[in-house]
Amino acid sequence: MAELESKYIAKNVESKWYEKWLEKNLFHSVPDERTPYTIVIPPPNVTGVLHMGHMLNETIQDVLCRKERMNGKNVCWVPGTDHASIATEAKVVNLLKEKGINKTDLTREEFLKHAWQWKEEKGGIILQQLKTLGCCCDWQRTKFTMDEDMSESVIKVFCSLYEKGLIYRGVRMVNWDPKALTAVSDEEVIYKDQHSKLYYLRYYLADDKSKYVIVATTRPETIMGDTAVCVNPNDERFSYLKGKKLIVPIVNREVPVVFDEYVDMTFGTGALKITPCHDINDYNIGIKHKLQSINIFNDNGTLNENGLQYKGMDRFDCRKKIVEDLQANNLMEKVEDYDNKIGLSERTSVPIEPKLSMQWFCKMKDMAKPALEAVEKGEIKFHPEKFINTYRHWMEDTKDWCISRQLWWGHRIPAYYLPNNEFVVAPTKEEALKKAQTILPNCTIEDLKQDEDVLDTWFSSWLWPMSCFNGINDPNNEEINYYYPTSDLITGPDIIFFWVARMIMAGLEFRKQIPFKNVYFTGIVRDKLGRKMSKTLGNSPDPLNLIDLYGADGVRMGMLMSSPAGNDLPFDESYCEQGRNFSNKIWNALRLLKGFSVEDIPQPESSKLAIEWFKQRMNVMLLSIEDDFSKYRLSESLKNIYTFIWDDFCSWFLEIIKPEYQKPIDSQTYNSAIEIFESLMKILHPFMPFVTEEIYHHLRERQEDDFIMNTSYPKCSQEENKMDEEFAFIKEVISSIRALRNSKGISPKQVLQCFIKENDSKDLITKYESIITKLANIEKPTFVKDKQEGSVSLMVRTTEMFIPITQNVNKDEEIKKINEQIKYYEGFIVSINKKLSNEKFVNNAPEKVVALERKKLEDCETKLSALKQELFSLQ
RNA sequence: GGGAGUAUAGCUCAGUUGGUUUAGAGCAUCUGCCUUACAAGCAGAGGGUCAUAGGUUCGACUCCUAUUACUCCCACCA
């Protein structure tokens, strides 16, 4: 006893156990004859630090892994990080800037050297943080998306898709990020509502300076790129414009009027200015009507030489200035407030600029089809299922994927340009040369220039479940054959398109196999006000700080207690506190048990009964836990385990077997209690790995390599669980006596007498008599035929009990209470009778239901008559 | 504009093919306890016309329809 602290201090045990687990290499997996259970971690950005979303995500993965390991599976959880090209490049650029180095002054090689140096020194902190959380990742397998073999896979896949004609290069309108100076994919554009203005500009007729057409636009700064004005051919207001030219305000350039049904006659003025270079729709109209294109922007969003006097200005400064100039020249009809959506870059949050440029694209349509089928047929299951809709919607209308990025950090595109501007695609420069020489026989390796661009980060992540096991480079190796397809993928719904969908496509395309069997979508962690936790809002607690305060176990429990799959998690620190308190509760149960002095004395009947009951109760719990796990209802499962341990084990079981003050416990009961406690710790272990491991080692002497995380999960049997139902009634009996004490202010120490009116519960009460007397602190109950004078009556189900007390009995209050109950039961009887006298009910309802109603009626009548008798005796 | 989801106690959520004393839990609240494992605790209590209106049914929190509110996703209306 003395050696156990009175409070459980998580800090003192968590790192100790994690180190031991590592030391014994318990997380490492190699293929063997067991069934594999594989999870690949959604690789966090190598620049990332642990945030609440990760905590939730990784905790769920850890719970599943630990549970499956205890179920006898060969568990392999592969950790790793993503090179995150834009994010990392931006980070390194900023760090260099702080040192006074500009990226533009560096060569590609120099920059990459800095980037790698940063990665080696500072990258992947998050993986260390996962250890604090208790994650049982196979660290020997830690991968990075730019590891040599991973890069090789990416290049191989690129070449293969190119050969198949699924990758092509071309000039297209793409989403340009003027801050990161790169193209991004459609998925990386986030649309946000914005209060902006709608400007009405005057375009004068070239041949009649007294007339003008009013054009509404939200982007007046793009007029320098105008090459037409478009109206709907059915719009009679504008039919006079046929063959006319208009003068672009300020610019004073003549542009044609074109007619296209694309224009909405009801919006704005019905006339639309066309800027083919800076709007996707205008671009399409430009192609259709063979219009000229004028690019007015530099890559960084400033105006280029086509911007006339505005050259060099930022696009938004230019807007302000041009609005002033338009107004000064009386070319602005009016300005209206207008709410619209603008696309922001996911990474840099700056407004995206549509830009025509040469990029690489991946065709999605053919790959999308089988990927959709795999989910629709249920080969891959989504939890919750509702995300199938989102998935289908995207898959049915997927656009080609822009995969080139104008960055240096990433997988460089394996395309090589010949002096004649043709190009070849090959995994290495040497192979490229061979191909090149079929075009230009005299071509040398020095003549070949590799494409400057790198690939979208997701172009490597989509291979993750395969490339982690080298399944692309060596498709028949033992590991990929054993671990793939992986079992479960745990991720947020925000990357369903970026990542989940594409992994499914890649798996089916390159391996003809799905990448995982189940996808568990977590919710988003929100603060108390319902806002998404984010760095910019500063509303996210520091996870490591939380772990410090409540222990990893406490925080894990806190995260899981209220996060059903797919539902957002309104985070509240008090959940973690609850988790910490739970650890402490368990710790104290241990202290109680270890404090007993054990002797070879006879086992009390109450203990014997409690042990039998508890084993049946455990069986009931295990059944429901297995059911919950099969449906990924982890939080339900944890809640069940929580009540099971706190209420059933601590409040009921331990209280029953607890010997009287300073008396010893019999060894039989003690050993059973230890055994039960051990099972409970196993049941809880996946959720709270540290405290359970600690308790496990206190319960008995252990071999050096005996760890709870390697034991088997308790199995449920198909035995009868009759005692659990019986005990529920006994609990009610005890609680009602305690409640009586409470309401009458009788000390729990005062032993009470108890008379029970004889009925069919007599056997049950007699059976559990030893427990009732102990926990309710009453004398052995006496069975009687009638109400006892001078006592208060209690009703448990249909059993009436009489407790003789003299204190605090207020007759009027008792009468009032009884009258209320009588009224309630009378009403209840009326409603049951209504049902039973309804022929349709009696004829149509299942017999079971009807019999139940009859039983209800009977019970009610018993109660009612008892209440009436009670009332009579009081008056 | 299209689609999906949610609505149950003050808060967060269960309620599994419609039927078990006329809805459960945790937190919070209230009452009484420093009862010899635990005040990070113990024993109790209060609290809900299951969003609104209809419909199907012998019977609806549960199924259907409409309405309202919120959330999310998708979409090129300047």
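Below, chains carry the letters A, B, ... as their sequence lines are ordered, and counting in each starts from 1. For clarity, every value in this text was computed on a predicted model and none was experimentally measured. Quick note: numbers below take in every heavy atom, side chains included, and nothing from hydrogens, waters or symmetry partners.
If you take CG on Leu201(A) and CG on Asp226(A), they are separated by 8.5 Å, rounding to the nearest 0.5 Å.
Nucleotide G3(B) holds its C1' atom 17 Å from the CE atom of Met395(A), rounded to whole Å. Between the CD atom of Glu573(A) and the P atom of C27(B) there is a distance of 17 Å, rounded to whole Å. Taking atom NZ on Lys848(A) and atom C1' on G59(B), their separation rounds to 16 Å, with Å as the unit. At whole-Å resolution of the value, CZ in Arg738(A) and P in A43(B) are 6 Å apart. One interatomic measurement links the two molecules: CG of Leu634(A) to P of A14(B), which rounds to 14 Å at whole-angstrom precision. Rounded to whole Å, atom C1' of U35(B) lies 13 Å from atom CG of Asn742(A). Separating the CG atom of Leu794(A) from the P atom of G44(B) is a distance of 13 Å, rounded to the nearest angstrom. Following rounding to the nearest Å, Lys835(A) (NZ) and A60(B) (P) show an atom-to-atom distance of 9 Å.
Between Phe582(A) and Trp646(A), the ring planes are parallel. Angles under 30° get that label, and only those over 60° would be called perpendicular. Using cut-offs of 30° and 60° for the angle between ring planes, the Tyr338(A) and Phe267(A) rings count as perpendicular.
Looking at the side chain of Asn838(A), the nearest of the listed nucleotides G44(B), A78(B), C58(B) is C58(B). Relative to the side chain of Val849(A), the nucleotides A37(B), A4(B), G19(B) differ in distance, and G19(B) lies closest. Here the nucleotide nearest the side chain of Leu272(A), chosen from C58(B), A78(B), G32(B), is A78(B). Looking at the side chain of Tyr338(A), the nearest of the listed nucleotides C13(B), A78(B), G41(B) is A78(B). Closest to the Tyr642(A) side chain, of the nucleotides G26(B), C74(B), A37(B), is G26(B). For Arg580(A), taking side-chain heavy atoms from C-beta onward, the closest of the listed nucleotides C42(B), C13(B), A40(B) is A40(B). Considering only the side chain of Phe267(A), A78(B) comes nearest among C73(B), G19(B), A78(B). Comparing A78(B), A37(B), A75(B) by their nearest atom to the side chain of Lys585(A) picks out A37(B). For Phe497(A), the listed nucleotide lying nearest its side chain is C74(B); candidates were C74(B), U16(B), G19(B). When distances are taken from the side chain of Pro570(A) to each of U12(B), A43(B), C42(B), the shortest belongs to U12(B).
In this structure, Lys863(A) fails the cation-pi test against Tyr825(A), since its NZ or CZ atom is not both closer than 6.0 Å to the six-membered ring centre and inside 45 degrees of the ring normal.
Residue Asn389(A) is classed as a sugar-phosphate contact, given heavy-atom separations below 4.0 Å to backbone atoms only. When heavy atoms are screened at a 4.0 angstrom cut-off, Gln578(A) is found touching the sugar-phosphate backbone but no base atom. Within the 4.0 angstrom heavy-atom criterion, no nucleotide atom of any strand lies near Cys230(A). The residue Arg797(A) sits apart from the nucleic acid: no heavy atom pair falls under 4.0 Å. Residue Lys658(A) is classed as a base contact, given a heavy-atom separation below 4.0 Å to a base. Heavy atoms of Lys399(A) sit nowhere under 4.0 angstrom from any nucleic acid atom. Residue Ser583(A) is classed as having no contact, given no heavy-atom separation below 4.0 Å to the nucleic acid. Base contact: Val263(A) has a heavy atom under 4.0 Å from a base atom. Contact annotation for Pro846(A): base contact, defined as any heavy-atom pair under 4.0 Å involving a base atom. Looking at heavy-atom distances under 4.0 Å, Ser6(A) makes no contact with the nucleic acid at all. If you check every strand for non-hydrogen atoms under 4.0 Å, Thr217(A) touches sugar and phosphate atoms only.
Atom name P, nucleotides G26(B) and C42(B): the rounded distance is 12 Å, in whole Å. Spacing between C27(B) and A37(B) at atom C1', rounded to whole Å, works out to 24 Å. Straight-line distance between the C1' atoms of A4(B) and A14(B): roughly 23 Å, to the nearest whole Å. Comparing the P positions of C50(B) and A60(B) gives an interatomic distance of 12 Å, to the nearest angstrom. G55(B) sits 24 Å from G15(B) when the C1' atoms are compared, rounded to a whole Å. Comparing C70(B) with C34(B), their C1' atoms are spaced 47 Å from each other, to the whole Å. The separation of U6(B) from C13(B), taken at their P atoms, amounts to 13 Å, rounded to a whole angstrom. Taking the P atom of each, U65(B) and G3(B) are spaced 14 Å apart, rounded to whole Å.
Applying the 3.5 Å distance criterion, the base of C77(B) shares no donor-acceptor pair with the side chain of Tyr262(A). The base of A37(B) lies close enough to the side chain of Glu655(A) for a donor and an acceptor atom to sit less than 3.5 Å apart. Below the 3.5 angstrom threshold, one finds a donor paired with an acceptor across the side chain of Asn281(A) and the base of C76(B).
Dashed line: the shortest gap from a side-chain N or O of Asn588(A) to OP1 or OP2 of G41(B) is not under 4.0 Å. At the phosphate of C42(B), OP1 or OP2 sits under 4.0 Å from a side-chain N or O atom of Trp646(A). Between Ser651(A) and the phosphate of A43(B), there is a side-chain N or O to OP1/OP2 separation shorter than 4.0 Å.
Residues Tyr824(A) and Lys840(A) both approach RNA chain B. Their nearest nucleotides, taken by heavy-atom distance, put Tyr824(A) toward the 5′ side. Both Ala589(A) and Trp652(A) sit near RNA chain B, but only Ala589(A) has its closest nucleotide nearer the 5' end.
Each of Phe497(A), Trp499(A), Phe521(A), Phe382(A) was scored for a ring pair (Phe, Tyr, Trp, His ring centres under 6.0 Å) with Tyr391(A), with one residue passing: Phe382(A).
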Check the pair Ser196(A), Asn340(A) against side-chain hydrogen bond (donor to acceptor under 3.5 Å, both in side chains), reporting the backbone distance first and the verdict last. CA-CA 7 Å; Ser196(A) 55; Asn340(A) 65 345; 2.9 Å; yes
Taking it one step at a time, do Arg797(A) and Ser761(A) satisfy side chain to side chain contact (heavy atoms under 4.5 Å, CB included)? CA-CA 10 Å; Arg797(A) 299 191 187 174; Ser761(A) 68; over 6 Å; no
Reading 5' to 3' and counting Watson-Crick or G-U wobble pairs with both distances under 3.5 Å, write the dot-bracket notation for RNA chain B, | for bases paired outside the strand. (((((((..((((.....[....)))).(((((.......))))).....(((((..]....))))))))))))....
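Here salt bridge (charged side-chain N to carboxylate O under 4.0 Å, His left out) pairs that include residues 625-635 of chain A, with residues two or more places apart or in two chains, are Lys67(A)-Glu626(A), Asp627(A)-Lys631(A), Asp628(A)-Arg633(A).
Asn843(A) places a side-chain N or O within 3.5 Å of a backbone atom of Glu839(A) that can act as its donor or acceptor partner.
Two residues are said to be in side-chain contact when any heavy atoms from C-beta on lie closer than 4.5 Å; Val248(A) and Tyr203(A) meet this criterion.
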